[in-house]
Number of protein chains: 2
Amino acid sequence: MRDVAAASGVSQATVSFVLNDAPGQTIPAATRERVRRAADELGYRPHSIARALREGASRIVVLEAGGLPRGHHLSSFIAGLDEELGAAGFGLLVSYGEGVSARAAITAIEPRAVIDLPAVCAGPDHDVADGGWIDGMVAHRLVQLRHLVARGHRAVAVAVPAGDDPFLALMAGQVRDAAEELGLPEPLPLVVDGDPEKPVGALKAGVTAVAALTDDLALGVLAVLADTGLSAPGDLAVIGFDDTPHGALWRPALTTVRLDARAYGRRTARTLLGLPVGDARPAPARVIERASA
Amino acid sequence: MRDVAAASGVSQATVSFVLNDAPGQTIPAATRERVRRAADELGYRPHSIARALREGASRIVVLEAGGLPRGHHLSSFIAGLDEELGAAGFGLLVSYGEGVSARAAITAIEPRAVIDLPAVCAGPDHDVADGGWIDGMVAHRLVQLRHLVARGHRAVAVAVPAGDDPFLALMAGQVRDAAEELGLPEPLPLVVDGDPEKPVGALKAGVTAVAALTDDLALGVLAVLADTGLSAPGDLAVIGFDDTPHGALWRPALTTVRLDARAYGRRTARTLLGLPVGDARPAPARVIERASA
DNA sequence: TTGTAAGCGTTATCAC
DNA sequence: GTGATAACGCTTACAA
């Protein structure tokens, strides 16, 4: 920066003002041009560590994604964040809650902000922090259930994991809400734990279709079904949620719903940066119809 | 740090010396103790940004994992890195090559080192940088092929992806080497692209078993097999490599080989830190026998 | 309109 | 043995 200042015959302060479009400064266009060119020719890159020291935080945003189902939704949400943050000159780091050194790295970075997605979802004021993702979720679950209803199913179960994860519990609630809105009987929970008795029991209870919280849970249902000689969609229709890449590899290939999480990512980024959310309107959820439902 | 110095009645420099065990300094035990206690009581944490500015690089190591097959091996390698780096007070960040903002973040961090795993594998001197992982790989492929040989197979094909990825090309070479070492005929490549003709062709050519480069490729083979009414292991035995979590969900469940990448991660970290590799001896590769081979 | 200088929290080089 | 002090590269209040 000193070199740029010298090369353009101004002081370091002026260089900083020009390069950061500092508001409240009135610098003639000629000077700005000179500084810009010099910076360009010298290949000047701001030293982000020095900047972070000065500003008290780096220009990096961290997304805590530990415990979230990995798949199309998450990567797409990330892609959306990435676009907007990248455009604003911010960096994005995704943490899957791996281990000590990962935590160490995150704290060492002094991020400008950290988006703790699971926590945000559990909290009361989602929309401010996730671009409306969670709040729109019931609508997406409607898409999932409507697919089943359109195929004549009314007695549906919801495939849930064995442990209790707050995030997935929330999702389960959304499925129930969606079912209510469609006037369906309350969906029975179908715990996916490898026990073949579970789906058999559901079948006996009159269930004809399963809406899974995630694709991997749907795959789990498909697996135990196959183990007991039953098959989808004949004996039990199964629909996933997320469109993981490997859902397509299964036989029967998994029918699932895919949503435009990218738009939510963009919105999240924009509200975080204090920008107007703008035109990023999420596309409606889509059923990816394959074989299982 | 200033506060700690004041509280223990020494200068900032002394605090720094004590807290970093600076070599070549002779500080009385009493002073050290006083400083340590003061730091503790005040809850002093070194400011990593300031340190990075001073040292010219942050205490963070970046692992570039873009393009690598995700699964047990990668996460296990990461876990190994994590342990050793964490113990040494370093942070680890894993980049899956997501997008602009991720790159921006990485450069903003000024990492102490970046391990570009795909590049390292392509390069000539792996062992220095990956803890011997790649060089030991032929041995692991032997485990994969031996499982097939022990079941009476000799005509094996190797499942490869449609595009050409340098990393996967390297892996294919290792399978060929392993086959040669076992005195098997050169394995035919079986391109996994969703075309059911491919495995049928292999069958006609007398192939009785497939060793896949990765689990996902194995799953791809299983899928087209199912599409043509054939099944594993009856018509064609299929063995994967990596033990991805969803391989177990398939029916037939995927037989695969799992290796102790964690140890390689630890070795990588230690050589990177200039430490002796020590006792981290990788456990031998293990076949996870399920149903497909 | 531009320049000067202080300061962010460390670490390292010297005197003492 | 310990303590000033300078530097790392940047931003910004204030002076000119």
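Numbered from 1 within each chain, the chains take letters A, B, ... in sequence-line order.
- Residue B:Leu53 contributes atom CG, which lies 12 Å from atom P of C:dG9 at whole-angstrom precision.
- Taking each heavy atom of B:Arg34 and B:Ser8 in turn, the nearest pair found is NH1-O, 2.5 Å.
- A donor-acceptor pair under 3.5 Å is absent between the side-chain atoms of B:Thr256 and the main chain of B:Ile288, judged by distance alone.
- The separation between B:Leu19 atom CG and C:dT10 atom P is 10 Å, rounded to whole Å.
- For the helix from C:dT1-D:dA16 to C:dC16-D:dG1, the rotation axes defined at the first and last 5 base pairs enclose an angle of 50°, given to the nearest 10°.
- You'll find the ring centres of B:His73 and B:Tyr264 outside the 6.0 Å limit.
- Annotation for B:Val277 and B:Thr271: closest pair CG1-CG2, 3.5 Å, computed over non-hydrogen atoms.
- When each of A:Val94, A:Leu117, A:Leu259 is paired with A:Phe77, the side chain to side chain contact (heavy atoms under 4.5 Å, CB included) condition holds for A:Leu117 and for no other.
- Within 4.0 Å of B:Arg45, counting heavy atoms only, lie sugar-phosphate atoms of the nucleic acid but no base atom.
- Scanning for side chain to side chain contact (heavy atoms under 4.5 Å, CB included) contacts around A:Leu19 gives A:Val15, A:Val35, A:Ala39, A:Tyr44, with sequence neighbours left out.
- Residue B:Ser48 is out of contact with every strand shown, counting any heavy-atom pair closer than 4.0 Å.
- Contacts of A:Gly24 with the nucleic acid, taken as non-hydrogen atoms under 4.0 Å apart, are absent.
- Cation-pi geometry between B:Arg141 and B:Phe241 is met: under 6.0 angstrom from the ring centre, within 45 degrees of the axis.
- With rounding to whole Å, B:His47 atom NE2 is found 14 Å from D:dC10 atom C1'.
- For the OP1/OP2 pair of D:dT2 and a distance below 4.0 Å, the side-chain nitrogens and oxygens of B:Thr31 include at least one atom meeting the criterion.
- B:Arg2 has its CZ atom 10 Å from the C1' atom of C:dG7, to the nearest Å.
- B:Met137 and B:Gln174 make their closest contact through CG-OE1, 3.3 Å (heavy atoms, listed as atom of the first residue, atom of the second, distance).
- Taking all atoms of both residues into account, the shortest heavy-atom contact from A:Ala104 to B:Phe90 is CB-O, 4.3 Å.
- To the nearest angstrom, P of C:dT10 lies 16 Å from CG of B:Asp21.
- The side chain of B:Thr14 contributes no N or O atom lying less than 4.0 Å from OP1 or OP2 of D:dT2.
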Output one letter per nucleotide in nucleotides 11-16 of chain C: B when a protein non-hydrogen atom lies under 4.0 Å from the base, S when only the sugar-phosphate is that close, - when neither is.
BBB---
